Amino acid sequence: MKIANKNVTATRLVKDALAKAKHFENYNIFTFINEEGALKRAAEIDAKIARGEKVGRLAGVPYALKDNFLSPEGQTTASAHILEGFVSPVTATSVKKLEQEGAIMIGRTNLDAFAHGSSTENSYFGPTSNAFDKTRVAGGSSGGSAVAVALDIVEFATGSDTGGSIRQPASFNGVYGLKPTYGTVSRYGVVAMASSLDCIGFFTKTPEDMDLLMSIASGQDPKDMTTLPDYYNESETKIAKRIGIIKDFDNDSVDAAIRKALNEKTELLKSKGYEIVNLEMPVLKYALAAYYIIQPAEVASNLSRYDGVRYGFRSNDSKDLYSLYKDTRSEGFMPENKRRIMIGNFVLSSGFYDAYFLKAAKARTLIVKEYEKAFEKCDFILTPVSPNPAFKLGEKVNDPVAMYLEDLMSVSLNLAGIPGLAIPVGKSATGLSLGLQLVGPRRSDKSLINFAKELQ
Ligand code: GLN
């Protein structure tokens, strides 16, 4: 990535990024443009460079921030009406780390409200268009971030991935997207969706950039007790020799162009001397059902804090406290948010807890074990990210089950806490971006990125 130095100023880099953001305005990528703040930071970095002072590893690098990361610059809305007007008093740990190295946030990006969705159509601010076909979705929930990188507006963007929200939009827009091992990057200061599944990661144009960002952002954070000690910068790179292919995903429910791309990559790996291991992972068929029980259950709990008293939007005409809660939540949440709150409360209710939540928790354990068994037979797994390339705007937005099926191949990684890296693998005959994901055991993130470098 281009970093400010004696020859190119941070101000130049930031001005170029802002101009591109303006040029692509009708893609609806940003919920906020940080013009004043970004130029001020750029001037500070340029002054440092002029004085010959040491600058960070990301000096002057413009980046886009998914609008569910808290920082005092602009409102943090999570693309939801209920958070409109909320200016955060705190800064997310990941944002602090990036900015300590000199990265400059030029704007906040659009998402499905509260990261609920797979297309960025559930946003209060309207959908974001795909980078290569404006009639198609950007993917989601981190659609704005993926498109900002794909259109080369910024060098990188942040994302959160609870069930595929980094990997799927990355593959829909031809960029790299990493969901790290659970606990690698601090979740502190990111609007919580489902806390046992949420992972913080990035969109980049190269695996080298991903490596740099991970070396900066990873590590233990006293403010997030689920973070792991910094294994990333200490890990020895494991050399992959055996690549697993999940046979259970090789069927008609996967688009022909994606299966073709997977076969071509598999043949290429074979010709390079890799051993291809056919895996049978029948337990994975329960992943989607388990996810759509555990995830709404955690959503119902996390979203209970939005009551019109503490954050953002408040309904004005309520006659008493109870109707204030009710009116604010009725007006402030999107339909998909409400659907998840209702499903979540249902599966947690005393009458149905054993039948749904407990069973899903057991299925989750089986999924963890299924991956452990698979990684005894192979080093990494190569699979599709989603069953299809970018679909048309409006095609699935009124059909929640069709939208949930988008996550068929991505959610099991979140349930197992293992890393997945979406890599671009060219385009379909109709010009749509195709992506595949590399999956590794827990804490293999660095080796996974290195493997992607080899595959370039
Ligand atoms: N599409 C999935 C969902 O709607 C994943 C979203 C995410 O990873 N934030 O839950």
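Since we're looking at a predicted model, the values are computed, not measured. Heads up: numbering here begins at 1 and tracks the sequence. These numbers come from the heavy atoms of this one structure, side chains and all, not from hydrogens, waters or symmetry mates. Remember, it's 1-based here, ligands and their atoms both numbered in the order they're listed.
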Validation row: Met1, Leu58 side chains within 4.5 angstrom (heavy atoms)
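When only atoms from C-beta onward are counted, Leu58 and Met1 do touch, with a gap below 4.5 Å.
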Sequence-distant partners of Asp252, salt bridge (charged side-chain N to carboxylate O under 4.0 Å, His left out), two or more places apart:
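For Asp252 the salt bridge (charged side-chain N to carboxylate O under 4.0 Å, His left out) partners, ignoring immediate neighbours, are Arg259.
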How are the rings of Tyr292 and Tyr404 set to each other: parallel, tilted or perpendicular (split at 30° and 60°)?
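Geometry flag for Tyr404 against Tyr292: parallel rings.
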Can you say whether the rings of Tyr306 and Phe114 are parallel (under 30°), tilted (30 to 60°) or perpendicular (over 60°)?
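Tilted.
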Give me each pair satisfying salt bridge (charged side-chain N to carboxylate O under 4.0 Å, His left out) with a member in residues 140-160, each pair once, sequence neighbours excluded.
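As it turns out, the salt bridge (charged side-chain N to carboxylate O under 4.0 Å, His left out) pairs with a partner in residues 140-160, which skip direct neighbours, are Asp152-Lys205, Glu155-Lys205.
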Extract all N/O-N/O pairs under 3.5 Å that connect ligand 1 to the protein, and present each with both atom names and the distance rounded to 0.1 Å.
unit_1, atom_1, unit_2, atom_2, d
ligand 1, 1 (N), Gly117, O, 3.0
ligand 1, 1 (N), Ser118, OG, 2.8
ligand 1, 1 (N), Asp407, OD1, 3.1
ligand 1, 1 (N), Asp407, OD2, 3.0
ligand 1, 4 (O), Gly117, N, 3.0
ligand 1, 4 (O), Tyr292, OH, 3.2
ligand 1, 4 (O), Arg340, NH1, 3.2
ligand 1, 4 (O), Arg340, NH2, 2.8
ligand 1, 8 (O), Thr162, N, 2.7
ligand 1, 8 (O), Gly163, N, 2.7
ligand 1, 8 (O), Gly164, N, 3.3
ligand 1, 8 (O), Ser165, N, 3.0
ligand 1, 8 (O), Ser165, OG, 2.7
ligand 1, 9 (N), Ala115, O, 3.0
ligand 1, 9 (N), Ser165, OG, 2.7
ligand 1, 10 (O), Tyr291, OH, 2.7
ligand 1, 10 (O), Tyr292, OH, 3.4
ligand 1, 10 (O), Arg340, NH1, 2.8

Using side chain to side chain donor-acceptor pair (under 3.5 Å) as the criterion, list what pairs up with Asp307, not counting sequence neighbours.
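Scan of Asp307 (side chain to side chain donor-acceptor pair (under 3.5 Å), adjacent residues dropped) gives Arg310.
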